[in-house]
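Values reported hereafter were calculated over all heavy atoms of this structure, with side chains retained and with hydrogens, waters and symmetry mates removed. We're numbering straight along the sequence, starting at 1. The shown structure was predicted, so the numbers you read here are calculated from the model rather than taken from an experiment.
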Amino acid sequence: MDALFQVQTSPPSSMAKRPCPSQNPRIPTFTQMDLLLEAFLGLSDSSSICIDLSFERLLDSLPSDLDQTRLIDHALKMGTFLLEAGKRSARKRATKHNSVVWALPPDLTIKVFSMLDTQSLCYAIATCSMFHKCAKDPSCYANIDLTTVSPRVNNAVVSTMIHRAGNSLQSLKLGIVPGPTAPLGSCQPLVFRNSVDVTSFSWNDKRSRQGKESSVLTRSCLSPLGGGSSSPGKLLRTLHLYNIERMDSQSLRAALCACPSLLDLEIVGLHVELRQTLMSVIENCRAIERLFFESSKTGRDDSLKSPTCADLVHSCPRLVSLALRGFKLHDDKVGKLVKGLRKLKYVDFSTSYSITGSFLGNLGNSGGNLLEVLILRDCMHLKEVEVARFMTSLLAGDFKFLRHLDISNREGLASEGDWYERCYNSRIIPIEQVMKERPDVCLLADFPSEGSYFEIEQMLESEINSDVSLPSQLSGHTSDSMFMSSSEGSYNSDQGSGNEDGREASYVIYEESSDEVDFLIL
């Protein structure tokens, strides 16, 4: 055994390059090498103690410390070579085995992989070389979903996915989603609130534990969508972005410029201005059918102007679903959108700060007659009298297609004269009558028990000084009921809540923060 270890223990220069046998007759031929390796591998049946003792005797036989060090290096290097050779051979054998026993041909395998979600596809890639080859087909990346519940994806992962998809890319979803997607009619906020205080940390301190690129998406994460006439974003139909803190209006605008075929845009928790985003949609995405936009800071963005509403109505007439949640919207602008977009079926203005409900006047006659879903949940200025008038219009025969109406408010509805006075058990809203006469409509009217409302003075102070939106500071106790009803009608009270186009919108960019977690390696 010692003699076997002693073979090939010459200085490192003789191992770095293997000359031809004719140049060095002492180097074994290929056949001799095979026999030598076979004999060496036969030692694997020996006990580790025997090998240790043999190696120690060989090491002690060397005269100098330098020679002993070289012998140790040679042993470690030889072990590495054998380990890598064994792994490569195992992978080759596994690939051959899989290609024989795998029942599907490559084209059907690719078809199956194209139906997997993104994370399952990544697991398939890591399984074997055959799956890795099939999973690189562009059709497997047509629908990319890299949303996570914590920061685990960086720009490199997004870029790799997008470039693999190429012109096959149809759907792209990125960012942090706190929980599962809310069902129809729900007002569950999707804005990510980081409960960990990260203000004392710098971005330089937030490095991946393994020294890789940090797991944070930046403003350039969507740049791979561009690239001229053959850009991956050219045929993109769906783009969903959630709580990407470093994204700004300019970067989002550049991404939308590369997506002229976009039909579905969902933006949640990005620090981008409403008016600028709508202008980008108007200029670049005129075929859009669904627009969902939830503000990162409820009630702070009042940048929407009447000309922007008019441009949206004129340039995007195919809009079927419109959700603007958490913005400071006024009834005159909301009325222009709902009445002007004739194909609207789904409308959601939840947690909007200035809506009183006056835009609902004559909605059944002049617009909104195709509405199937209307959500006004937790609109703090929504008036009881306006809701009552709308209910009367339901009973009178308007909104024949309406199937879902949500007027719930965790702090009750505002009274006619003063919104400080909250209505918890309205006597003028014909809820039971609507429930009886329009059983085809799901009516959600959840209100708190009377007396659960916080002090108005505290609410007003927090409105100005706090980073948390007004509705989120109030009591969340709910009782009363969830009603199911139906009816139709019309009324005349579209007086608006005031036009504030003359005001300048003040939009705040908040400090970015994020924790980092490694994402699986592609």
Side-chain angles (χ1 to χ4, degrees), residues 1-103 106 109 113 119-136 156-157 160 164 207-213 518-522:
M1 184 181 291
D2 296 350
L4 188 58
F5 272 118
Q6 204 165 7
V7 176
Q8 293 288 2
T9 58
S10 55
S13 59
S14 64
M15 296 186 62
K17 184 181 291 187
R18 187 174 62 189
C20 297
S22 60
Q23 297 176 343
N24 191 346
R26 291 187 300 172
I27 299 297
T29 65
F30 182 78
T31 303
Q32 290 174 333
M33 178 68 75
D34 294 345
L35 295 175
L36 180 62
L37 183 59
E38 182 181 9
F40 182 81
L41 294 177
L43 297 177
S44 60
D45 296 332
S46 304
S47 66
S48 60
I49 297 178
C50 292
I51 296 177
D52 288 343
L53 292 176
S54 180
F55 188 79
E56 286 293 335
R57 286 194 297 270
L58 183 60
L59 194 65
D60 293 339
S61 68
L62 296 177
S64 66
D65 182 71
L66 179 60
D67 291 337
Q68 293 179 351
T69 301
R70 287 175 178 174
L71 179 62
I72 294 175
D73 289 341
H74 291 167
L76 294 175
K77 189 176 296 184
M78 180 61 70
T80 301
F81 291 160
L82 287 174
L83 179 62
E84 292 301 322
K87 288 182 177 180
R88 281 194 297 270
S89 298
R91 287 195 295 267
K92 290 179 181 179
R93 286 175 55 82
T95 299
K96 291 179 180 179
H97 174 77
N98 292 341
S99 62
V100 172
V101 301
W102 183 246
T109 303
F113 285 174
Q119 189 166 14
S120 298
L121 180 64
C122 292
Y123 290 144
I125 290 176
T127 303
C128 68
S129 300
M130 183 187 72
F131 280 7
H132 187 276
K133 183 178 180 180
C134 293
K136 278 193 171 183
V157 173
T160 299
R164 286 183 181 178
R207 295 174 181 171
S208 176
R209 295 167 185 170
Q210 297 181 4
K212 301 174 184 176
E213 184 180 354
D518 289 331
F519 190 65
L520 51 88
I521 302 174
L522 298 178

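To the nearest 0.5 angstrom, H97 atom NE2 is 10.0 Å from M130 atom CE. Note that CE of M78 is 11.0 Å distant from CG of L71, once rounded to the nearest 0.5 Å. Distance check: R164 CZ to I125 CD1 gives 4.5 Å after rounding to the nearest 0.5 Å. A distance of 10.0 Å separates CG in L62 from OG1 in T69, rounded to the nearest 0.5 Å. Residue K92 holds its NZ atom at 15.5 Å from SG of C128, rounded to the nearest 0.5 Å. Atom CG of L36 is separated from atom CG of L41 by 9.5 Å, given to the nearest 0.5 angstrom.
With hydrogens and angles ignored, the 3.5 Å screen pairs a side-chain donor or acceptor of T160 with a backbone N or O of A156. The backbone N or O of I51 lies less than 3.5 Å from no partner atom in the side chain of S54, so there is not a single donor-acceptor pair. Checked by atom type and distance alone, the side chain of S89 never pairs as donor or acceptor with a backbone atom of G86 at under 3.5 Å.
Qualifying ring pair (Phe, Tyr, Trp, His ring centres under 6.0 Å) partners for F131, counting only residues two or more places apart in sequence or in other chains: W102, F113.
A heavy-atom distance below 4.5 Å is found between the side chains of Q68 and D65.
Within a 6.0 Å sphere centred on CD1 of I49, heavy atoms belonging to other residues, nucleotides or ligands number 12 at most.
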